[in-house]
Amino acid sequence: MIQLPERLAGFLLAAGPGFMPERASSVAEGVDQVFGFLFWLSAFFLALIVALTVIFVVRYRSRPGRRDPEPSPDHDNRLEVLWSAIPLALVFVIFALSTKVYLAMTELDPGASPLRVQVTGRKWSWWFDHAGGKGANQLHLVAGRPTELVLASTDVIHSLYVPEFRLKQDAVPGRFTKMVFTPTRPGTYPILCAEYCGTNHSTMLSSAVVHPDQASYDAWAAEGGKAGETLVQLGERVFNEKGCSACHSVDGSGGIGPSVKGLWGRQEKLVGGTTVLVDENYVRESIVKPGAKVADGYDDIMPPTPLDDREIQGVVTYIQSLKEGT
Ligand code: CUA
């Protein structure tokens, strides 16, 4: 059990052990620091304002023989500037601190090869398609390995929340969102849904299993063999069955549309001279609204292709696999 002194110490740090859950990801410490700063800043101003209120109420209360207001200055430019500039400076400090932490949650180190997991939120459970094809209702990760979760939802907005990772990200229907971090401690941590999504929102639970090393993860991923169709296989099937392969080659050869080989993660030149990063959301847009961003050198002739979210996830991972072999 947690003892009081430890709880107290945790409270004084506003983020220490015993008060907050343990820190199990690369971004947890930064989040705690921002939280601690906000907490103590707020506590300071609360104390200051309450203390001044009490002092003024006592000092300037109505007393016998003192019924009229005393003459006092009604304006002071120095004071106005001071109490505007100090809060403004503090707000900029908060902005800088929290932006730094936020960017660490959204941007992968260039060149890092992440463990990528496709996460699907649905009423009312989570589903995780791991790199290599294993699907599970639990999230499996490797301690020390950079991780990228790509979130989708098949119905309403859900939110993946892991308190020990200090991470929360909405899963939004019709687009992909991302969460980037490195788990730091092996263990099993609860996953919650943090966006009210209907009747069984509160039971939309799962867990994140952080393996101590890659070998342990690989052993789990190999368990039970390859039962059923993996997400990548589904993507490949959809790619062929829905006619994508008629115009887009997978071996780099030319066609009516650009080849999808080596496409993933590239800056693609568009008609009109701009470029776009080929990521999950660009692939989705190119499937459901092909005319929105047409690759340079090609005609705007592709018809919108009605794929459901899982099929789009499949095509995305298939295109990734043609680049990375994962
Ligand atoms: Cu899903 Cu709340």
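Values reported hereafter were calculated over all heavy atoms of this structure, with side chains retained and with hydrogens, waters and symmetry mates removed. Both counts, for ligands and for their atoms, begin at 1 and track the order of listing.
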### Check against side chain to side chain donor-acceptor pair (under 3.5 Å), Asp309 and Thr154
CA-CA 6 Å; Asp309 273 68; Thr154 59; over 6 Å; no

### Task
Test side chain to side chain contact (heavy atoms under 4.5 Å, CB included) on Ser321 and Trp264 and set out the steps.
CA-CA 9 Å; Ser321 76; Trp264 186 260; over 6 Å; no

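A 4.5 Å side-chain heavy-atom check between Ile94 and Leu38 finds at least one atom pair inside the cut-off.
Put simply, the residue from Arg116, Arg310, Gln313 that forms a side chain to side chain donor-acceptor pair (under 3.5 Å) with Asp129 is Arg310.
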Tell me which donor-acceptor pairs under 3.5 Å the side chains of residues 247-255 have, and how far apart each pair is, sequence neighbours excluded?
unit_1 : atom_1 : unit_2 : atom_2 : d
His248 : ND1    : Pro258 : O      : 2.7
Ser249 : OG     : Asp251 : OD1    : 3.2
Ser249 : OG     : Gly252 : N      : 3.4
Ser249 : OG     : Ser253 : N      : 3.2
Ser249 : OG     : Ser253 : O      : 2.7
Ser249 : OG     : Ser259 : OG     : 2.9
Asp251 : OD1    : Ser253 : N      : 3.0
Asp251 : OD1    : Ser253 : OG     : 2.7

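At distances below 3.5 Å, not a single donor-acceptor pair connects side-chain atoms of Asp296 with backbone N or O atoms of Lys269.
Distances shorter than 2.8 Å separate atom 2 (Cu) of ligand 1 from the protein N/O/S atoms Cys193 SG, Glu195 O, Cys197 SG, His201 ND1.
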